[in-house]
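Have a look at the structure below before the remarks.
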Amino acid sequence: MDSPTVLRRRLGSELRRLRERADLQAKFVADELGFSASKVSRIESGQTTLKESDIRAMLELYGVSDEVELHQFISLTRRSTQRGWWHDYGDTLPEWFQTYVGLEADASRIRSYESELVPGLFQTADYAREVFRSFWPEQDSDHIIERRVKLRMQRQEIIRGPEPLTVHAVLSEAVLRRAVGGADVMTEQVNHLIKAAQQPNITVQVLPFSAGAHPAMGTNFRILSFSEVPGEIVFCESVTSSLYIEKKSDVARHEHVFEHIASLAMTPTDSASWMQKLATEGYGV
């Protein structure tokens with residue numbers, strides 16, 4: 001059964017198609033319906049839910065009058081407003097990140113570059129706990145931190161099971177050198193990452209400092225691909241917000257950069273050997 005996130009993306013994609021078929025600009029639609037320009041963009045990218053009154057108004061503007069087609073859109077709209085399992089963690093999860101968790105749950109493949117953190121899908125509970133403690137050390141209670149750790153562990157279910165998510169992660173050497181939580185936590189984390197990389201759906205490469213300058217310096221990004229909805233999404237995260245990139249030329253640029261840094265990184269086999277050596281030598285801090 002499709003999740004509400006992928007249903008919203010499917011609905012948004014269809015609405016964009018209808019708008020373009022009607023030869024209407026997004027700004028014109030926004031002005032005609034009393035929407036903001038950003039609302040039309042969020043609807044078409046599947047980042048917001050739609051009221052039935054809004055969908056009816058949009059379809060009327062786009063010249064859709066067939067009762068069967070109208071019923072299909074209304075049904076899709078109703079299903080897209082359902083809650084995903086991650087909404088149970090709304091007290092710990094910013095709204096802008098809830099969208100990402102939903103997309104992640106629907107993705108068939110993720111390619112990511114990380115310069116500072118072990119990807120959430122591969123974090124141990126102790127590593128995640130230390131990361132969350134560092135975010136808001138004076139504000140978050142132990143209860144909230146534990147709720148966030150539980151959510152992170154639950155998200156990892158998508159890399160297991162009969163149809164697991166395919167992940168290709170390139171990690172800067174700095175990710176593994178940084179002693180998050182101390183020697184014991186990092187040794188456990190690196191060993192966990194080595195074990196995860198043994199799964200056929202997981203590829204982990206380490207980008208060594210010796211690779212020098214590269215086109216992803218100063219950034220992190222994830223490229224999400226989907227089997228149910230055409231097109232990829234690039235996700236970039238900052239301290240208090242996120243950016244979702246769907247423009248084909250921009251996505252293609254990120255894909256090119258990812259392939260380039262993957263070619264500069266150690267092979268998966270060499271990366272595993274390097275991580276094993278690091279874990280064996282330990283973290284003297």
Side-chain angles (χ1 to χ4, degrees), residues 3 5-6 8-10 12-13 16-17 20 26 38 40-48 94 96-123 155-156 158-159 164-176 193 196-197 201-268 271:
S3 79
T5 308
V6 78
R8 285 197 299 272
R9 288 200 68 219
R10 184 181 301 163
S13 178
R16 182 188 295 114
R17 179 184 62 81
E20 292 173 348
S38 62
V40 175
S41 176
R42 291 196 307 273
I43 288 171
E44 293 187 351
S45 61
Q47 295 181 44
T48 188
W96 57 266
F97 195 65
Q98 289 184 26
T99 299
Y100 174 76
V101 175
L103 291 171
E104 179 187 75
D106 294 323
S108 58
R109 178 174 65 149
I110 295 179
R111 289 164 287 172
S112 71
Y113 171 68
E114 300 290 343
S115 64
E116 288 285 336
L117 280 172
V118 172
L121 293 177
F122 303 135
Q123 290 179 10
R155 280 172 53 200
Q156 295 178 5
I158 62 176
I159 61 174
L165 172 71
T166 297
V167 182
H168 184 174
V170 176
L171 312 182
S172 167
E173 181 176 338
V175 172
L176 301 165
L193 192 56
N201 59 307
I202 305 296
T203 301
V204 176
Q205 292 181 261
V206 177
L207 182 64
F209 293 145
S210 59
H214 60 84
M217 293 175 67
T219 188
N220 304 286
F221 62 88
R222 300 165 209 168
I223 307 170
L224 294 87
S225 303
F226 306 85
S227 58
E228 295 291 332
V229 181
E232 282 77 30
I233 292 179
V234 176
F235 172 77
C236 302
E237 182 180 359
S238 65
V239 175
T240 58
S241 62
S242 59
L243 177 65
Y244 296 89
I245 301 170
E246 293 190 81
K247 186 178 178 181
K248 288 185 178 180
S249 59
D250 292 340
V251 171
R253 173 59 181 164
H254 281 82
E255 290 180 316
H256 176 76
V257 168
F258 181 81
E259 294 303 320
H260 182 61
I261 60 176
S263 72
L264 295 175
M266 297 181 233
T267 66
S271 296

Task: By side-chain hydrogen bond (donor to acceptor under 3.5 Å, both in side chains) - contacts of H168 (at least two apart) - done: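 Per chain and number, H168 pairs via side-chain hydrogen bond (donor to acceptor under 3.5 Å, both in side chains) with Q205.
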Open item on the list: Among residues at least two apart in sequence or on other chains, which ones pass side-chain hydrogen bond (donor to acceptor under 3.5 Å, both in side chains) with E259?
Closed with: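 Per chain and number, E259 pairs via side-chain hydrogen bond (donor to acceptor under 3.5 Å, both in side chains) with no residue.
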- [ ] Please identify each residue that fulfils side chain to side chain contact (heavy atoms under 4.5 Å, CB included) with A107, with sequence neighbours left out.
- [x] I110, L165, L224, F226
So [Y] and [X], do their side chains get closer than 4.5 Å, heavy atoms only?
X: I233; Y: I245; result: no
X: L121; Y: V167; result: yes
X: L193; Y: L176; result: yes
X: L243; Y: F235; result: no

Compare every heavy atom of [Y] with every heavy atom of [X], then report the nearest pair and how far apart it is.
X: F122; Y: A169; value: CE1-CB, 4.2 Å
X: S172; Y: Y113; value: CB-OH, 3.6 Å
X: V204; Y: A197; value: CG2-CB, 3.9 Å
X: R8; Y: T48; value: CD-O, 3.3 Å
X: R16; Y: E44; value: NH2-O, 2.9 Å
X: I261; Y: L207; value: O-CD1, 3.8 Å

Open item on the list: Enumerate the salt bridge (charged side-chain N to carboxylate O under 4.0 Å, His left out) contacts for residues 202-223, please, sequence neighbours excluded, ordered by first and then second residue.
Closed with: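 Sorted result for residues 202-223: E114-R222, R222-E237.
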Task: Charged N-O contact under 4.0 Å between R109 and E232 - done: no
With a 3.5 Å cut-off and sequence neighbours excluded, list the donor-acceptor pairs that the side chains of residues 211-221 form with protein atoms.
residue, atom, partner, partner atom, Å
H214, ND1, A216, N, 3.1
H214, ND1, M217, N, 3.4
N220, OD1, S115, N, 2.6
N220, OD1, S115, OG, 2.9

Whether [X] side chain and [Y] backbone form a donor-acceptor pair below 3.5 Å:
X: E173; Y: F209; answer: yes
X: E255; Y: D250; answer: no
X: Y244; Y: C236; answer: no
X: S225; Y: S108; answer: no

Open item on the list: Hydrogens and angles aside, do S38 and R42 bring a side-chain donor and acceptor to less than 3.5 Å of each other?
Closed with: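 Present: a donor and an acceptor within the cut-off.
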- [ ] Could you list the residues that satisfy ring-ring contact (aromatic ring centres under 6.0 Å, His included) with H256, not counting sequence neighbours?
- [x] none
TODO: First locate atom OG of S45, then atom CG of L103, and finally report the distance between them rounded to the nearest 0.5 Å.
DONE: 9.0 Å
Task: Straight-line distance of S210 OG to M266 CE, nearest 0.5 Å - done: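 With rounding to 0.5 Å, OG (S210) is 7.0 Å from CE (M266).
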TODO: Could you please spell out the steps behind the side chain to side chain donor-acceptor pair (under 3.5 Å) verdict for R253 and S249?
DONE: CA-CA 6 Å; R253 173 59 181 164; S249 59; over 6 Å; no
